[in-house]
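Sequence lines set the chain letters: A, B, ... in the order given, protein chains first and strands last, and positions in each chain run from 1.
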Amino acid sequence: MSASTRLRTPNPHLGAYFGIVTSAFLSLVILLAMFEQLGFGRAGLTYALMLLPLAFYVAIAVGARSNDVEDFFVCGRRVPAVYNGFVLAATAVGGIGFFSYTGALFFLGFDALAIGLGLTFGMLVATVLFAPYLHKAGAYTLASFLGQRFRSRPLRMAASALQLPVTGLLLAAEIKIAAMVAAMFLPVTYPIGALLVAILIAGIVIAGGMRTVTWTGSAEFLIGAAGLAVPLIIVSVLVTHIPAPQVTYGERMTALQRSEVTMGALPSAPGRAVQPLPGDAAQASTKPFAQPFGALSKPDFIVLFLCVALGTAALPSLLVRSGVTRSAIEQRKSSAWGLLFVALFVMTAPALAAFAKALIFDALAQVSALRLPRWIGELAAMGILDARDLNSDGAVRATETLVARDGVALSLPVATGLPYVGTVLVGAAGMALALAAAASHLFTAAGSLSEDLYRLIDRRVTALPRIIAAWAAVAATAVLALCTVWTADPDPLHAALDAFAFAAATFFPVLLLGIWWRRTSSLGALAAMGTGFAVVAVDVVVGGLFGLDESGLATLIAGLIGVVAGLGAGIAISLFGPQASAAEEAYFEDMRDPDGETIYDRAQQRAAAAAAIEAARVPPP
Amino acid sequence: MASDAPETSARDRHQLRTLIYAITVLLVVLGMVLATVIAARPLNAYPFLFFPLGFYLLAQGLVVLIVAATFWFARAQERIDIERGESEEY
């Protein structure tokens, strides 16, 4: 029972298992591509490529199922660094990164680079400032950590409630992305797709919590990465003869610039015609790709970068994974791996957007409106592109080309003329990343609700055992997220940026102070968290009621103001309010010591030993 | 707070070095990102691998820098963590 007796060695065959996963998936793709050439129907190929991976994730979840508390919350603390890096990257990128970020790059070009750079820098900030110390503390959730660090139940409950907007928004956005892919490729409508996705991820999380989230997430990451890399490398070889899309799209940018001029996409200025952050309705892309600061001004660019960075650094769904490796040093390495994988995506995404835009714009600029290539019609049938000569001048202009932001990634294989399997492959990859991220967000939200709210409100320990409470919370959270998707229909990119603003303002100040400043008091921590959250909440409520913040930029600014205000409030209250207790300072020192068992596990062992002594002293009647 | 006990001095030295490493790595990266954003327009005048240099740095150059900084930091911090562990064994 006691944690120290557990074997913390990972399964030695993991590398072989996941090697098999990746090669099986690639073989499936090649096999289906051959079937397509042989004349098999599209429907069968699509179902095979979409459903077989899904069945496979379910199989992994069943195989890795567990109802042991340590497995459920921290995967037994024995995940190798690289695998934790896989899931960190899948959670940070997710379906939102795969579809919405590439779409934002399509519309904004240069200006959207702030998001990718912010994501990468945020992972660095978390690696340096938070992750190893959270590992040493060993708490199962972010709110539990704050509660244990400051010996405060109200703080723990408040943190659990305040992480809901962050994880909830991201969860709803990821479910929406996965449902959109399902509705496009499977015979289900969008609401039914959302329902099935919610059932699938709730099932995965209930089967084994962090353990199943980790192992299905690793497989989903590998499939997502393969599905992004393979079509893009093929496109790169077709267009430039070099299989490295990241370095070859520069060549295409000059040609793209010429096509943009032909189609009338001329340099723009911030705050004019171009929306600073594109919405998810189909719209014209009029800002030239390479033009710097055409939609976002220089200060806006920096605000977007900082808000995404601080939001990523303090994202509960990433920080909750800080306890799953063996040691603080291992945790730092795994964060570095996660950052490497995120960086690979961030370097690849502009290539995808640039190739897609170059192919579409070159085709439209070079031919007359009467003889558009056939794939333009295919994209129109998929609801991704609407290019028509509205003013009958014989040419399709940039303003007459409406593109759906979240479909840009899917447009690339179609525009290149890859077999249909290539399009489904991109869909399956995006679905995989969206499911991995959604399961992470769901586990984070539900785990915290059951651990930090339910178990503190309902003091009757035996009423619901720990795991069953978590199962109930998972189901409740999934239903809540599903209702949000059905009724509010959130725009994934804007929802994610709002979530980053909330995460930055609510959790960055309190974590920075709690981990790096000995004298932070529990009242100071509460003030830091409350102030930051209040600033963003006021902005969202006021902006929502009066329709002031159409672009979403004001929420980002509010997020940064929240960070500064939260830090100020936390420092002021800690200095002038009641002082931190000796127990809090002792916890601080223990947390900063990189050696030894986690604080939480040691406390559990002490409690178990004390209970054993107690049981021995009082013999049962 | 500070005492003459070797354990406490090792602890304080470790915490100070940790703080210096953290501030250094974050400030260097943040400074380079901000400098590149501010100088993006003039940098774009120079081509690099067919990219405008400012675009290239923000899309890839700085991302590579962040990866390098992270792995350097993980290794450097691991070294001082192990050093502290050894000094505490007495």
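Under a cut-off of 6.0 angstrom, the local environment of CZ in Arg41(B) is crowded, with over 12 non-hydrogen atoms contributed by other residues, nucleotides or ligands. Around atom CZ of Phe293(A), more than 12 heavy atoms belonging to other residues, nucleotides or ligands sit under 6.0 Å away.
Interface check for chain B: of the options Thr127(A), Val247(A), Val346(A), the most heavy-atom pairs under 4.5 Å are formed by Val247(A). Of the residues considered (Val67(B), Leu49(B), Val37(B)), Val37(B) shows the highest number of contacts with chain A, using heavy-atom pairs under 4.5 Å. Ranked by heavy-atom pairs under 4.5 Å with chain B, the first of Trp337(A), Tyr249(A), Trp516(A) is Tyr249(A).
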When you look at Leu30(B) and Leu306(A), which way does the side chain to side chain contact (heavy atoms under 4.5 Å, CB included) test go after all the steps? CA-CA 9 Å; Leu30(B) 186 64; Leu306(A) 284 178; 4.0 Å; yes
Side chain to side chain contact (heavy atoms under 4.5 Å, CB included), that's the test. Do Met123(A) and Ile66(B) meet it? Break it down for me. CA-CA 9 Å; Met123(A) 299 281 287; Ile66(B) 294 176; over 6 Å; no
Worked verdict on Leu129(A) versus Leu26(B) for side chain to side chain contact (heavy atoms under 4.5 Å, CB included): CA-CA 9 Å; Leu129(A) 294 182; Leu26(B) 291 180; 3.8 Å; yes
Checking side chain to side chain contact (heavy atoms under 4.5 Å, CB included) for the pair Phe305(A)/Val33(B): CA distance, chi angles, key distance, verdict? CA-CA 10 Å; Phe305(A) 162 73; Val33(B) 171; 3.6 Å; yes
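Contacts between Phe301(A) and chain B at a heavy-atom distance below 4.5 Å involve the side chain alone, from C-beta outward. Of the two parts of Leu34(B), only the side chain, counted from C-beta on, holds a non-hydrogen atom closer than 4.5 Å to a non-hydrogen atom of chain A. Contacts of Leu105(A) with chain B are absent, with no heavy-atom separation under 4.5 Å from either backbone or side chain. For Met253(A), the part lying near chain B is the side chain, with the backbone staying farther off; criterion is any non-hydrogen pair under 4.5 Å. Heavy atoms of Gln246(A) lying under 4.5 Å from chain B belong to its backbone as well as its side chain.
For the pair Thr18(B) and Tyr133(A), the minimum side-chain heavy-atom distance is below 4.5 Å. The shortest distance between side-chain heavy atoms of Phe73(B) and Val128(A) falls below 4.5 Å. Counting heavy atoms from C-beta on, the side chains of Phe121(A) and Leu62(B) never come closer than 4.5 Å.
Minimum heavy-atom separation, Asn44(B) to Ala290(A): ND2-O, 4.5 Å. Contact between Arg84(B) and Pro594(A) at its shortest, heavy atoms only, is NH1-CD, 3.9 Å.
Listed for the Lys298(A) side chain is a donor-acceptor partner under 3.5 Å among the backbone atoms of Ile38(B). A donor-acceptor pair is defined here as one N or O able to donate and one able to accept, closer than 3.5 Å; no such pair exists between the side chain of Gln15(B) and the backbone of Arg592(A).
With sequence neighbours excluded, the residues that form a ring-ring contact (aromatic ring centres under 6.0 Å, His included) with Tyr56(B) are Phe48(B), Phe51(B). Scanning for ring-ring contact (aromatic ring centres under 6.0 Å, His included) contacts around Phe355(A) gives an empty result, with sequence neighbours left out.
At a threshold of 4.0 Å, the pair Asp81(B)-Arg332(A) counts as salt-bridged, since one of the basic side-chain nitrogens sits closer than that to a carboxylate oxygen.
One finds the CZ atom of Arg75(B) at 9.0 Å from the NZ atom of Lys333(A) (value rounded to the nearest 0.5 Å). Distance CD/Gln60(B) to CG/Leu117(A): 11.5 Å, rounded to 0.5 Å. For the atom pair CG of Leu339(A) and CZ of Phe71(B), the computed distance is 7.5 Å after rounding to the nearest 0.5 Å.
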